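Computed from a prediction, not measured in an experiment: that's the story for all the values here. Counting begins at 1 with the first residue of the sequence.
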Amino acid sequence: MCAGRVGQLLNYSSFGTDVGTSAPTIRSWLSVLQTSFICFQLTPHYRNFSKRLIKSPKLYFFDTGLLCYLLKIRTPEQLALHPLRGSIFENWVILEKMKQYLNQGLEAPLYFWRDTHGHEIDLIIDQGTWLDPIEIKSSSTFNESFLKNLKYFDELQQTNPAKLRGECIYGGDHSYEYKQFKISSWKEKHYSLK
């Protein structure tokens with residue numbers, strides 16, 4: 001059930017209904033999975049830009065191989081066609097970012113951001129005085145529409161016009177800058193602490 005909900009907002013009541021148990025029991029079971037380093041929750045960032053924000057966490061796995069196994073994905077061809085491919089890719093990118101911090105003995109300042117109108121940033125890195133927004137897309141071809149939520153977030157955050165306004169990590173082969181946004185291939189060695 002957790003694998004089928006990867007990358008989604010956690011609704012303990014809905015989860016409990018699907019499993020046939022109570023929300024407190026689901027919380028307890030998920031805490032065991034978190035303590036065992038099987039799953040983790042990405043919490044929302046609460047910087048309020050005068051908007052109502054979502055406050056539920058999202059669920060991810062520490063091991064995307066286990067995630068694929070639980071989803072009965074056995075080959076790269078199956079993964080390429082799987083309906084949760086985008087969520088699995090998102091999980092992998094977030095995990096890689098998290099490893100950068102954990103491998104240096106640092107707490108990972110990673111969050112996501114979503115308002116009640118459906119605007120969402122897949123990953124936020126809280127740099128203290130500013131937030132680095134990252135959009136994650138599994139598509140092998142970049143499309144300008146991937147930047148829609150980054151542009152929206154940039155307007156709310158009122159980013160310094162001289163600096164990059166966000167990053168889109170996608171499933172393609174090339175990294176470059178596009179209209180002050182960093183477009184990063186998943187294959188590039190772009191995973192560095194900022």
Problem set entry | Under 3.5 Å donor-acceptor, S36 side chain and V32 backbone | yes
Exercise. Can you name the closest pair of heavy atoms from Y101 and L110 and give their distance?
Worked result: CE1-CD2, 4.2 Å
Seminar exercise, completed: One should read off an interatomic distance between Y12 OH and L30 CG, to the nearest 0.5 angstrom, of 6.0 Å
For this session: Could you check if a side-chain atom of L42 sits within less than 4.5 angstrom of a side-chain atom of Y60, using non-hydrogen atoms only?
Result: yes
Seminar exercise, completed: Taken to the nearest 0.5 Å, the spacing of L123 CG from K58 NZ works out to 9.5 Å
Problem set entry | Nearest-0.5 Å distance, CZ of residue F181 to SG of residue C168 | 10.0 Å
Seminar exercise, completed: Sorted by chain and residue number, the salt bridge (Lys or Arg N to Asp or Glu O under 4.0 Å) partners of K137 (sequence neighbours excluded) come out as E135
For this session: Taking S28 for its side chain and P24 for its backbone only, find out whether a donor-acceptor pair lies under 3.5 Å.
Result: no
Exercise. Could you go step by step and tell me if Q157 and L131 meet the side-chain contact (heavy atoms from CB on, under 4.5 Å) rule?
Worked result: CA-CA 8 Å; Q157 187 169 232; L131 303 175; 3.1 Å; yes
For this session: Would you confirm whether N149, through its side chain, and Y152, through its main-chain N or O, come within 3.5 Å as a donor-acceptor pair?
Result: no
For this session: State, with a plain yes or no, whether a side-chain heavy atom of L59 is found less than 4.5 Å away from one of V6.
Result: no
Exercise. So, for F142 and Y178, is the gap between ring centers shorter than 6.0 Å?
Worked result: yes
Exercise. So, D122 side chain and I136 main chain: donor-acceptor pair closer than 3.5 Å or not?
Worked result: yes
Problem set entry | Sub-4.5 Å side-chain heavy-atom contact between L33 and F61 | no
For this session: Kindly state each residue pair satisfying ring pair (Phe, Tyr, Trp, His ring centres under 6.0 Å) with at least one member in residues 13-38, sequence neighbours excluded.
Result: F37-F62
For this session: Give a yes or no answer on whether the side chain of S175 reaches the backbone of S185 with a donor-acceptor pair at less than 3.5 Å.
Result: yes
Exercise. Charged N to carboxylate O below 4.0 Å: is that the case for E144 and K151?
Worked result: yes
Problem set entry | Check: S139 side chain, T141 main-chain N or O, donor-acceptor pair, under 3.5 Å | yes
Exercise. So, N143 side chain and F146 main chain: donor-acceptor pair closer than 3.5 Å or not?
Worked result: no
Exercise. Using the benzene-type ring in the case of Trp, are the ring centres of Y170 and W186 under 6.0 Å apart?
Worked result: no
Exercise. Excluding sequence neighbours, so at least two apart, what forms salt bridge (Lys or Arg N to Asp or Glu O under 4.0 Å) with D18?
Worked result: R5
Exercise. How many angstroms lie between SG in C2 and CD1 in I26, if you round to the nearest 0.5 Å?
Worked result: 7.5 Å
Problem set entry | side-chain contact (heavy atoms from CB on, under 4.5 Å) between Q180 and R165, worked out | CA-CA 6 Å; Q180 284 190 282; R165 298 162 31 190; 3.9 Å; yes
Exercise. What residue pairs, at least two apart or across chains, pass salt bridge (Lys or Arg N to Asp or Glu O under 4.0 Å) with a residue in residues 22-34?
Worked result: none
For this session: Could you go through the side-chain contact (heavy atoms from CB on, under 4.5 Å) check for T64 and F89 one step at a time?
Result: CA-CA 9 Å; T64 53; F89 183 75; over 6 Å; no
For this session: Not counting sequence neighbours, which residues clear salt bridge (Lys or Arg N to Asp or Glu O under 4.0 Å) with K55? List them please.
Result: none
Problem set entry | Close side-chain approach of L71 and L67, heavy atoms under 4.5 Å | yes
Exercise. Are I134 and I94 close enough, and set up right, to give a side-chain contact (heavy atoms from CB on, under 4.5 Å), and what steps lead you there?
Worked result: CA-CA 10 Å; I134 300 173; I94 291 169; over 6 Å; no
For this session: Say whether, by atom type as modelled, one donor and one acceptor occur between the side chain of D154 and the main chain of L150 under 3.5 angstrom.
Result: no
Problem set entry | Spacing of NE2 belonging to H45 relative to CZ belonging to F153, to within rounding of 0.5 Å | 7.5 Å
Exercise. Which distance, rounded to the nearest 0.5 Å, do you find between the NE2 of H119 and the CZ of R114?
Worked result: 11.0 Å
Exercise. Where the side chain of D132 meets the backbone of I125, is there a donor-acceptor pair that is under 3.5 Å apart?
Worked result: no
Would you tabulate the side-chain donor-acceptor contacts of residues 73-87 under 3.5 Å, counting partners in other chains and residues two or more places apart, or write 'none'?
from: R74; atom 1: NH1; to: Y69; atom 2: O; distance (Å): 2.9
from: T75; atom 1: OG1; to: E77; atom 2: OE1; distance (Å): 3.4
from: T75; atom 1: OG1; to: Q78; atom 2: N; distance (Å): 3.1
from: Q78; atom 1: OE1; to: R74; atom 2: N; distance (Å): 2.4
from: Q78; atom 1: OE1; to: T75; atom 2: N; distance (Å): 3.0
from: H82; atom 1: ND1; to: L84; atom 2: N; distance (Å): 3.0
from: R85; atom 1: NH2; to: S138; atom 2: O; distance (Å): 2.9

Seminar exercise, completed: In Q104, Q100, M98, the residue satisfying side-chain contact (heavy atoms from CB on, under 4.5 Å) with L102 is M98
